[in-house]
2 protein chains.
Amino acid sequence: MAAPQNSHPDYSPLIRKLESIFALTDDERQALLDLPMQVAVLAEDQDIVREGDRPSRSFTILSGFTCTYKMTGDGKRQIVAFCIPGDVPDVQSLHLKVLDISVATLTPCSVGFITHEDLWDLCMRYPRIAAAFWRETLVEGAIFREWVLNVGRREAYPRMAHVLCELLVRLRAVGLAQDHACNLPITQGEFADALGITTVHVNRVLQQMRADGLIELKGDRLKVPDWETLKQVGDFDPIYLHLVQERPAA
Amino acid sequence: MAAPQNSHPDYSPLIRKLESIFALTDDERQALLDLPMQVAVLAEDQDIVREGDRPSRSFTILSGFTCTYKMTGDGKRQIVAFCIPGDVPDVQSLHLKVLDISVATLTPCSVGFITHEDLWDLCMRYPRIAAAFWRETLVEGAIFREWVLNVGRREAYPRMAHVLCELLVRLRAVGLAQDHACNLPITQGEFADALGITTVHVNRVLQQMRADGLIELKGDRLKVPDWETLKQVGDFDPIYLHLVQERPAA
DNA sequence: CGTCCAGTTGACGACCTTCAAATAGAGTGG
DNA sequence: CCACTCTATTTGAAGGTCGTCAACTGGACG
């Protein structure tokens, strides 16, 4: 399914993310642009890496949505993170040899693979970039913690509201949301796996949220008419996302 | 409540953990021993740091048990991790200025504070130690992921079994468990907050597990008469703990 | 115009919560 | 050594959130 390409890889999502953390020097930016990256275009619902793999490279999402998930022994799936352009869902494999998660595309995606060797070399030569990657994995950890809280201690309705808030804020941070609307190519079954509930219940919750005027969700399009209320219902405080200088919504 | 001390701080839990990752050089070990550390002895049920804090130092647990937790807006608590000697529950604060979690003692504890300045300096001078800390935060992230799966997709009974398995394996890795028994100073209310269920239900589950001969749990003492079955019931595979060269159980 | 998949709906049941109260165990003071 | 207190644990009954099962609808696509 992969269609490897090497012409003009577009580093902008990753570079944009790093620049939101600290101002890159010209040297650092050039080093990132010089980073050998193999671009692949993937269809939706494809595994990019699988639990148990021992990858020799990591990848960054250039466009499209992916999710990180795990399976129980009896075949139930839990999505533990939604990944969006600029993310590097398996940086961990740089230090941890065996993957404890799988990553799958939710939409057609273009991803850029970078060998651990090149990535390691980059980190050694540019400690500030290494620190930024480290920081990113820490933010990822903070999001996992919030998800444990969300799944463990919030009921389905606020739990869904919380995840919607998180997605909207994260998408806004990478320029993929306008005001309080965004494309959200996530099926109800995928929400179910992320929230730890069933598709049927996701459906009921979403309908209730529509009836309550909290969201307008049709096809891939999400609009949030009343952001403040959604935040409140979802008990959402974006601090855990550790966004540096988020642009205030219009 | 804190009784600061500076005589003979015992770095062994932290050093032992780092040595389980890679062999320290004499230089590296000495640098760790030279690290200024302020030791504090804390009573049980004390917050060490709190969500929203902007700490100027991190701490490592020298002895005792702590937990990392978060609260919902309506006051429900979720424990997102149990921390044991050798852990550094808030290394993240080295990169993320505002804490998104609180850390509390579960037992009387002795903890060692290290300023971010000293820690940062150590990381800059000894990149392998920096990498080891980074690695540790990645393992922490892997554990959070497993907890999302555990809370999201396993019922109370296997969920409890899974957490017990994790605790026993982690304690064994730092020498705090013999065979299949260990001290486990965790109340049922604390288990409830970790599993995302109620104290009442924890109690029922534990009794069922005792009746099924899976565990012997009395006071602070846990014995596991049938490790294989407990592992199987808890759907537990220790890969996500990324232990390097775990000592096989006797 | 048939197929396929996401979304939707209803009835029923299970897991777990809530509320309330009883019991046990550890530590304290008389 | 025996109350007394405080907390952790235990137990029972009733109810709610959510799961299961099964069927149906609707839009996209060829």
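Chain letters run A, B, ... following the sequence lines, proteins first and then strands; every chain starts at 1.
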For [X] and [N], give me the distance from atom [atom1] to atom [atom2], rounded to whole Å.
X      : N      : atom1 : atom2 : value
B:K76  : D:dT17 : NZ    : C1'   : 12 Å
A:R153 : D:dT17 : CZ    : P     : 16 Å
B:F191 : D:dT10 : CZ    : P     : 12 Å
B:R204 : D:dT9  : CZ    : C1'   : 12 Å
B:E190 : D:dT9  : CD    : C1'   : 13 Å
A:H201 : D:dT17 : NE2   : C1'   : 6 Å
B:E44  : D:dA8  : CD    : P     : 8 Å

### Task
Answer yes or no: does a side-chain N or O of B:N203 lie under 4.0 Å from OP1 or OP2 of D:dT9?
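Looking at the OP1 and OP2 atoms of D:dT9, neither is under 4.0 Å from any side-chain N or O of B:N203.
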
#### Entry: Contacting residues from residues 154-162 of chain B, given that a heavy atom lies under 4.0 angstrom of DNA chain C
B:E155, B:A156

### Task
Classify the side-chain pair A:E190/A:T187 by whether it contains a donor and acceptor separated by less than 3.5 Å.
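Indeed, the side chains of A:E190 and A:T187 share at least one donor-acceptor pair under 3.5 Å.
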
### Query
Would you call the rings of A:W227 and A:H180 parallel, tilted or perpendicular if under 30° counts as parallel and over 60° as perpendicular?
parallel

### Query
When the ring planes of A:Y240 and A:H162 are compared, do they come out parallel, tilted or perpendicular, using 30° and 60° as the limits?
parallel

#### Entry: Interatomic spacing from CZ in A:R154 to CG in A:L195 - rounded to 0.5 Å
11.5 Å

### Task
Hey, could you give me the CD1/CG distance between A:I186 and A:D193, rounded to the nearest 0.5 Å?
11.5 Å

### Query
So, do B:F59 and B:V91 sit near enough that their side-chain heavy atoms are less than 4.5 Å apart?
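With C-beta onward as the side chain, the pair stays apart.
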
### Message
Quick check: do B:I61 and B:I84 have side-chain heavy atoms less than 4.5 Å from each other?
### Response
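Sidechains of B:I84 and B:I61: no contact.
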
### Task
Mark up nucleotides 22-27 of chain D, 5' to 3', with B wherever a protein heavy atom is under 4.0 angstrom from a base atom, S wherever such an atom reaches only the sugar-phosphate, and - elsewhere.
------

### Query
More than 12 non-hydrogen atoms from neighbouring residues, nucleotides or ligands closer than 6.0 Å to CD on A:Q232, yes or no?
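No, the 6.0 Å shell around CD holds no more than 12 heavy atoms from other groups.
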
### Query
Could you give the start and end, 5' to 3', of the contact zone on DNA chain C for chain A, using atoms under 4.0 Å from its heavy atoms?
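Endpoints of the contacted stretch of DNA chain C: C:dG7 to C:dA11.
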
### Query
Within the structure shown, what part of the strands sits under 4.0 Å from B:R210 by heavy-atom distance: base, sugar-phosphate, or nothing?
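B:R210: backbone/sugar contact only, no base atoms under 4.0 Å.
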
### Query
In terms of side-chain heavy atoms of B:Q188, which of D:dA8, D:dT10, D:dT20 is nearest?
D:dT10

All N/O donor-acceptor pairs, side-chain side in residues 215-225 of chain A, below 3.5 Å, sequence neighbours left out:
residue : atom : partner : partner atom : Å
A:R221  : NH1  : A:N183  : OD1          : 2.8
A:R221  : NH2  : A:Q178  : OE1          : 2.8

### Query
Listed by chain and number, what are the salt bridge (charged side-chain N to carboxylate O under 4.0 Å, His left out) partners of A:R210, not counting sequence neighbours?
none

#### Entry: Position toward the 5' end of DNA chain C (nearest nucleotide), A:T199 or B:V202
A:T199

Show every donor-acceptor pair shorter than 3.5 Å between a side-chain atom in residues 99-106 of chain B and any protein atom, with sequence neighbours excluded, or say none if there are none.
residue : atom : partner : partner atom : Å
B:D100  : OD1  : A:R145  : NE           : 3.0
B:D100  : OD1  : A:R145  : NH2          : 3.3
B:D100  : OD2  : A:R145  : NH2          : 3.3
B:D100  : OD2  : A:H242  : NE2          : 2.8
B:S102  : OG   : B:E51   : N            : 2.9
B:T105  : OG1  : B:A43   : O            : 2.8
B:T105  : OG1  : B:D45   : N            : 2.9
B:T105  : OG1  : B:Q46   : N            : 2.9
B:T105  : OG1  : B:Q46   : O            : 3.4

